[in-house]
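Below: the structure, in structure tokens.
Numbers restart at 1 for each chain; the letters A, B, ... are given by sequence-line order, proteins then strands.
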Amino acid sequence: NTLIEGYCRKGNVKEALTLFNAMSRQGLRPDVITCNALITGHCKAKQFEEAKRLLKRMSSMGLAPDLVTFNKLVNGFSEQGMLDYAFQVRDEMVEKGFVPNAVTYTALIRALCKKGRTQEALQLLKEGTAEDGLMPDCVMYTILIHAHCKKGKTEEAMCLYDDMVERGLVPDIVTYNALINGFSKKGQIDKVKEIFNEMLKRNLVADRFTYTTLIDGLCKNGKLLEALGLLDDLRQKGLMLDVVVYNTLIDGLCKNEEMEKAENLQNLMRKDGLLPDSATYNPLIAGYCKKGNVQQALSLLSEAKERNIVPNARSYNCLINGLCSKGNTREAKKLFDEMLSRDLIPT
RNA sequence: GACAUCGGUGUCCAUAAU
């Protein structure tokens with residue numbers, strides 16, 4: 001079960017099913033836990049019908065689906081944006097006598113939020129509280145806060161925050177990160193600082209999400225030097241450095257056409273043992289093209305390809321644009337064909 | 001009998017550049 005679960009988590013249902021079949025051959029009966037894991041696997045692999053079929057097959061194997069089974073389905077469908085399926089499963093579990101719990105509601109609320117349907121999400125939370133004895137918790141509030149922030153509705157997000165605190169719930173680092181992200185994307189840096197201080201008051205320690213969020217916020221508000229300063233703090237602490245932190249800064253620098261600094265950071269990240277990924281290459285390629293340094297952009301492209309990383313369609317567009325404006329239409333056409341062969345869709 | 005399976009936050013892109 002542990003192995004099957006591992007493969008399923010990675011979205012490798014094939015391998016999981018091989019193990020599943022091997023189990024039977026060795027006379028080991030799959031149990032509910034095995035099936036629950038496979039449901040996750042199918043959902044991750046977007047095999048929604050398979051997931052539903054497995055639920056039906058469980059009964060014929062003499063296994064009774066439990067609350068986790070249903071929750072995994074609700075969650076799996078929600079994660080993939082399959083709202084209708086998710087609510088269908090909710091109805092089905094209710095029919096079977098299960099009471100949707102915090103996990104069920106959280107999954108559904110998140111699914112609605114992901115589609116921007118925050119009002120319905122709030123409504124569902126109310127419903128659950130009234131009908132199923134649901135106790136709204138920190139996670140649910142955080143999802144709602146996050147969703148409102150993403151829509152730019154920071155005021156509403158703040159009301160939700162106040163609401164949860166009034167109810168005696170304790171916001172955690174995730175809640176604060178969501179708020180910080182919302183306010184900094186809106187450019188309300190003073191509000192960000194206020195929230196950050198409140199976070200510190202609660203003895204919460206900034207994690208890599210907090211730092212990345214702060215760095216991104218500073219970059220997107222043109223405060224590149226401050227953002228670089230935060231990176232220095234992080235490096236001195238020697239912890240919490242990952243590709244995303246570097247990518248964030250590299251993007252900020254590239255968008256401001258500070259290619260030398262972006263180049264330095266790229267070297268620094270390699271020094272820290274981190275390898276660029278597509279989110280590193282894309283802004284760099286765009287930045288160099290914009291500056292007219294197509295050569296440099298092209299060499300990044302070939303490096304990415306060597307490492308089996310495919311830059312996105314926009315990177316190709318930038319390169320094609322750059323080559324054409326230098327009159328090198330032949331190379332541009334080559335890149336155009338190349339992007340087609342890589343299943344990238346021209347716009 | 002114990003243990004193992006379910007929910008939230010960050011970067012490019014997606015909402016974009018020419």
Side-chain angles (χ1 to χ4, degrees), chain A residues 1-6 8-9 30-41 43 66-76 78-79 100-111 113-114 116 137-147 149-152 171-182 184-185 206-217 219-220 227 240 242-252 254-255 276-287 289-290 309-322 324-325 344-345 347:
Chain A
N1 281 356
T2 308
L3 285 168
I4 288 175
E5 192 214 323
C8 286
R9 266 198 198 157
D31 60 10
V32 178
I33 291 176
T34 325
C35 294
N36 288 354
L38 282 171
I39 284 175
T40 300
C43 289
D66 61 7
L67 186 59
V68 174
T69 314
F70 287 107
N71 281 345
K72 285 218 184 218
L73 280 164
V74 173
N75 194 46
S78 295
E79 235 167 32
N101 68 359
V103 176
T104 326
Y105 274 99
T106 305
L108 293 170
I109 288 169
R110 186 156 78 111
C113 284
K114 269 190 160 179
D137 64 15
C138 176
V139 174
M140 294 175 218
Y141 268 101
T142 302
I143 291 170
L144 288 164
I145 288 170
H146 174 243
C149 284
K150 285 273 172 196
K151 284 180 125 186
D172 63 11
I173 187 73
V174 181
T175 318
Y176 284 106
N177 288 345
L179 282 168
I180 290 170
N181 192 26
S184 57
K185 293 274 185 326
D207 64 8
R208 76 174 73 197
F209 284 76
T210 322
Y211 273 100
T212 311
T213 305
L214 288 170
I215 288 172
D216 190 47
C219 285
K220 292 199 163 76
M240 302 203 289
D242 67 6
V243 186
V244 181
V245 177
Y246 279 104
N247 288 351
T248 307
L249 272 161
I250 287 172
D251 179 59
C254 289
K255 289 223 163 86
D277 64 12
S278 62
T280 324
Y281 289 116
N282 289 329
L284 283 167
I285 289 172
C289 288
K290 205 169 176 189
I309 293 168
V310 185
N312 62 18
R314 177 161 168 205
S315 289
Y316 276 92
N317 289 347
C318 292
L319 285 161
I320 290 169
N321 186 39
C324 287
S325 57
L344 293 171
I345 301 163
T347 48

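Of the candidates C12(B), G8(B), C6(B), the closest approach to any side-chain atom of V103(A) belongs to C6(B). In the set G8(B), C13(B), A4(B), G8(B) carries the atom at the smallest distance from any side-chain atom of E79(A). Minimum atom distance to the side chain of K220(A) is reached by C12(B), of the listed G7(B), G10(B), C12(B). Comparing G10(B), A17(B), G7(B) by their nearest atom to the side chain of T212(A) picks out G10(B). Of all nucleotides listed (A4(B), U9(B), U11(B)), A4(B) comes nearest to the side chain of N1(A). Among the nucleotides G7(B), U5(B), G10(B), the one closest to the side chain of K72(A) is U5(B). Minimum atom distance to the side chain of E5(A) is reached by A4(B), of the listed A17(B), U11(B), A4(B). Side-chain proximity of V68(A) to the nucleotides C6(B), C13(B), A4(B) is greatest for C6(B). Checking U9(B), A17(B), G7(B) against the side-chain heavy atoms of H146(A) singles out U9(B) as nearest. The side chain of N317(A) has A17(B) as its nearest neighbour among U11(B), A4(B), A17(B).
With values rounded to the nearest 0.5 angstrom, L284(A) atom CG is found 12.0 Å from C318(A) atom SG. Atoms CD1 and CG, on I309(A) and N282(A) in that order, are 10.0 Å from each other to the nearest 0.5 Å. For the atom pair NE2 (H146(A)) and CD1 (I143(A)), the distance works out to 9.5 Å, reported to the nearest 0.5 Å.
Taking atom C1' in both C13(B) and A17(B), the straight-line distance is 11 Å, to the nearest Å. Atom P of U11(B) sits at a distance of 16 Å from the matching atom of U15(B), rounded to the whole Å.
As a whole-Å value, the separation of N321(A) CG from U18(B) P is 9 Å. Between the CD1 atom of I309(A) and the P atom of C12(B) there is a distance of 17 Å, given to the nearest Å. Between the C1' atom of G10(B) and the CZ atom of F209(A) lies a distance of 6 Å, rounded to the nearest Å. The interatomic distance linking L284(A) (CG) with U11(B) (P) rounds to 17 Å, in whole Å. In this structure, NZ of K255(A) is placed 9 Å from C1' of A17(B), rounded to the nearest angstrom. A straight line from NZ of K150(A) to C1' of G8(B) spans 13 Å, rounded to a whole angstrom. Note: OH (Y246(A)) to P (G10(B)) measures 21 Å, nearest angstrom. Protein atom CG of D242(A) is 9 Å distant from nucleotide atom C1' of G10(B), rounded to whole Å.
Between T104(A) and N101(A), some side-chain heavy-atom pair lies under the 4.5 Å cut-off. Within the 4.5 Å cutoff, the side chain of T248(A) has no heavy atoms near those of the V245(A) side chain. T213(A) places none of its side-chain heavy atoms less than 4.5 Å from the side chain of D216(A).
Judged by atom type and distance alone, N282(A) reaches the base of C12(B) through a side-chain donor-acceptor pair under 3.5 Å. Evaluation of atom-type donor-acceptor distances gives no pair under 3.5 Å for the side chain of N101(A) against the base of G7(B). Taking 3.5 Å as the limit, the base of G10(B) and the side chain of D207(A) contain no donor-acceptor pair of atoms between them. With hydrogens and angles left out, the side chain of T106(A) and the base of G7(B) share a donor-acceptor pair within 3.5 Å. Between the base of G7(B) and the side chain of N71(A) there is no donor-acceptor pair shorter than 3.5 Å.
Between R110(A) and E79(A) a salt bridge is recorded (basic side-chain N to carboxylate O distance below 4.0 Å).
At a threshold of 4.0 angstrom between heavy atoms, the contacts of V245(A) include nucleobase atoms, whether or not backbone atoms are also involved. Residue contacts shown for D137(A) include a base, since a base heavy atom lies under 4.0 Å away. Here C138(A) lies in heavy-atom contact (under 4.0 Å) with a base. Here T175(A) lies in heavy-atom contact (under 4.0 Å) with a base.
Side-chain N/O atoms of R9(A) include one lying less than 4.0 angstrom from OP1 or OP2 on C6(B). At the phosphate of G7(B), neither OP1 nor OP2 sits under 4.0 Å from any side-chain N or O atom of R110(A).
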